[in-house]
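One-based numbering, in listed order, for ligands and for the atoms of each.
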Amino acid sequence: MQLTFALAKGRLAEKVAEILTQCGIDCSTLTAPTRKLVLFDKDGKYRFIFVKPADVPTYIERGVADIGVVGKDTLVEENKDVYEMADLKFGACRMCVAGYPERKNAVTSNCLRVASKYVNTARNFFLTKGVNVDIIKLNGSVELGPVIGLSDVIVDIVESGKTLEANGLVILEEIFRSSARLIVNKASLKTRYDEIMPLIEKIKKATEGKA
Ligand code: PRP
């Protein structure tokens, strides 16, 4: 049975294909245009499944995939029972509270309306601050929240900062720094240790010094 990788469609997938190629895995199939959700490397040693980024930890926790690559932002938000094996350094971004500059003190004021895709992260952050919040779940274009008056602030990832800037918003507080993480199913690591560990070492080496 092949080792199964769960890969997030989108931002991280291409980068992962590049790294695996450096590790000697011929995964040219991953970069060719296709709508298939299950692919194999050329040698048929690895199976790749393409899932929504937020679902990667679920597939790994449930053991239907052995290894996955996912942003720390998603890992924190989903809070699944998996091993985080390595920080791959790429896909760097910051989880932040953002809003209009005049909201600078809003983080400590009471009953704040917070729009976010990361509802658990947002809830936990404000809980530790002792701030009452009304969390509004959005699935994208979160920056619209303050602009259109849906929310006072947002909790979202900031990469280049261009989306905030284009919408007149600023970072009010950084919650944590995120980057791509290699995660592994707990049982797989025990039962397939001799296959998984060397691969993880190779992946770590391939990503060293690359941000
Ligand atoms: C993410 C995030 C911000 C943006 C930040 O959205 O939610 O909106 O990227 O990037 P920047 O700091 O480089 O501008 P994404 O592109 O994933 O789309 P979404 O709005 O559909 O979530």
Looking only at distance, does E143 have an N or O less than 3.5 Å from an N or O of ligand 1?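 For ligand 1, there is an N or O atom that lies under 3.5 Å from one belonging to E143.
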Should L164 be counted as touching ligand 1, given the test is an N or O pair under 3.5 Å?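 In fact, backbone or side chain, L164 has no N or O that close.
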Test of understanding: given a 4.0 Å heavy-atom threshold, classify the contact between D156 and ligand 1 as side chain, backbone, both, or neither. side chain
K52 atom NZ: more than 12 heavy-atom contacts under 6.0 Å: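 Incorrect, the count does not exceed 12.
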Can you check salt bridge (Lys or Arg N to Asp or Glu O under 4.0 Å) on E77 and K117, steps first, answer last? CA-CA 9 Å; E77 176 65 17; K117 277 189 283 193; over 6 Å; no
Please name the pair of heavy atoms, one in [X] and one in [Y], separated by the smallest distance, quoted to 0.1 Å.
X   : Y    : answer
I60 : D66  : CD1-C, 3.9 Å
P53 : T74  : O-CG2, 3.5 Å
K72 : R177 : CG-O, 4.3 Å

I'd like to know whether ligand 1 has V142 as a neighbour, heavy-atom separation below 4.0 Å.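 Contact absent.
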If the contact criterion is a heavy-atom separation under 4.0 Å, does E165 count as touching ligand 1?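 Judged by the 4.0 Å heavy-atom criterion, E165 does not count as contacting ligand 1.
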Applying salt bridge (Lys or Arg N to Asp or Glu O under 4.0 Å), run through K15 and E18 and close with a yes or a no. CA-CA 5 Å; K15 189 79 193 166; E18 195 186 306; 3.8 Å; yes
Could you list which atoms of ligand 1 come closer than 4.0 Å to a heavy atom of [X]?
X    : answer
V158 : 12 (O)
T163 : 4 (C), 5 (C), 10 (O), 11 (P), 14 (O)
S160 : 11 (P), 12 (O), 13 (O), 14 (O)
G140 : 19 (P), 20 (O), 21 (O), 22 (O)
I157 : 2 (C), 3 (C), 5 (C)

With Y118 via ring-ring contact (aromatic ring centres under 6.0 Å, His included) - residues at least two apart: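 Once residues adjacent in sequence are excluded, Y118 has no partner under the ring-ring contact (aromatic ring centres under 6.0 Å, His included) criterion.
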